[in-house]
Amino acid sequence: MGEGGVLVEWDWWTVDFGEAHAGAVGVLVSGSEPGPVYFDVGSGSDVPSTTHWSAYDGRARRPRADALRAACACGWRGAAEYPLDWDVIGDRPLYEADIDLTGPLVDWNAHLSLVRDKAVPLPEPLGALLVDMAEQLTATAAEAPLAALCDDGLSAEAVGTALGITRSETLVLLLTAQDR
C-alpha cells in the first residue's frame, strides 16, 4: 500500500529488499506527482483506483502525464524526468504506446546501489544461524507440511478449506503430524 491507503502497483522489486524498496515508474503532471486515478465502473460503493503510470493518458477525464521518473517504496523519487512526447503518442493509451522505461529503471537501480552501499553486512555467525534455521524449517515443511502450514499462522479452518476437509479432520491430521 502506498500513501493514503492507495494500492501502488510496483513495477520492479528485488529479493534483497522485497517490498521495502520496490520500484515503479512515477508520473509527473504539471511538475508534481498526482493522486490516484479512479475508474468509473457505474454504481456501487467500490471505486477502483490505481497509480500505475499507464493510467495517466488523459483519456476518460484522467490526468495526462507530462513526464515519467523513478519511484521507490521507501519514498525516494528520481531527480531525472523523462518527458512524454504526446505528438508521437497521439491518442493511444500509454500501455500501447511503446514507452521506453529504461531511464526510470536505471535510476531506480542506481538508488538500490546506494542503499546496498549503506547497508550493514550481517555478521557471519548470525548468517550461519539463519541458514541453519531455514534448513530446519525446510526439513520440517517436507516432513510435516500440514504442521508447517499451521505454524505459518493459518487457522485449522483455513487449512481444512484448502485441503477440502472439515475442521475436525484437519485437527486430527495436525495431531497426527505432531506425534511424528
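Computed over heavy atoms, backbone and side chain alike; hydrogens, waters and symmetry mates excluded. Keep in mind that what you see is a predicted model, and the values were worked out from it rather than measured.
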Hey, could you give me the CG/CH2 distance between Leu112 and Trp76, rounded to the nearest 0.5 Å?
-> 8.0 Å
What distance separates Asp107 CG from Cys72 SG, expressed to the nearest 0.5 Å?
-> 12.0 Å
Go through the steps for Leu68 and Leu28 under the test side-chain contact (heavy atoms from CB on, under 4.5 Å), then give the verdict.
-> CA-CA 6 Å; Leu68 304 176; Leu28 292 171; over 6 Å; no
In short, Trp10 meets Ala73 closest at the heavy-atom pair CH2-CA, 3.3 Å
Over 12 non-hydrogen atoms of neighbours within 6.0 angstrom of CG in Asp91 | no
Is Arg62 reaching over with its side chain to a backbone N or O of Ala55, donor-acceptor style, under 3.5 angstrom?
-> yes
Considering all heavy atoms of both residues, which atom of Ile89 and which atom of Ala97 are nearest to each other, and what is their separation?
-> CG2-CB, 3.9 Å
Roughly how far, to the nearest 0.5 Å, is the CG atom of Leu101 from the CH2 atom of Trp53?
-> 5.0 Å
Start with the C-alpha distance between Tyr82 and Asp100, add both sets of side-chain angles, then the distance that settles side-chain contact (heavy atoms from CB on, under 4.5 Å), and finish with yes or no.
-> CA-CA 9 Å; Tyr82 301 92; Asp100 182 8; over 6 Å; no
Any idea how His21 and His111 line up, ring-wise: parallel (<30°), tilted (30 to 60°), or perpendicular (>60°)?
-> tilted
Pair Thr14-Trp108, side-chain contact (heavy atoms from CB on, under 4.5 Å): steps then yes or no = CA-CA 11 Å; Thr14 67; Trp108 176 72; 3.8 Å; yes
d(Arg61 CZ, Tyr38 OH) to nearest 0.5 Å is 15.0 Å
Is the backbone N or O of Gly23 less than 3.5 Å from a side-chain atom of Asp11, with the two atoms forming a donor-acceptor pair by type?
-> no
With hydrophobic residues grouped by side-chain heavy-atom distances under 4.5 Å, do Phe39 and Tyr56 end up in a single group?
-> yes
Asp66 to Ser30 - nearest heavy-atom pair and separation | OD2-N, 2.5 Å
Is the CG atom of Asp98 crowded by more than 12 outside heavy atoms at less than 6.0 Å?
-> no
Nearest heavy-atom approach of Arg69 to Ala80 is CB-O, 3.3 Å
Main-chain N/O of Ala65 paired to Trp86 side chain as donor or acceptor, under 3.5 Å | yes
Take atom CD in Glu124; do more than 12 heavy atoms of anything else shown fall under 6.0 Å from it?
-> no
Do Val25 and Leu105 share a hydrophobic cluster, counting only Ile, Leu, Val, Met, Phe, Trp and Tyr and linking them when any side-chain heavy atoms are less than 4.5 Å apart?
-> yes
Quick one: closest heavy-atom pair of Leu94 and Ser54, and the distance?
-> CB-O, 3.7 Å
Taking every heavy atom of Asp57 against every heavy atom of Pro93, the minimum-distance pair comes out as OD2-CA, 3.6 Å
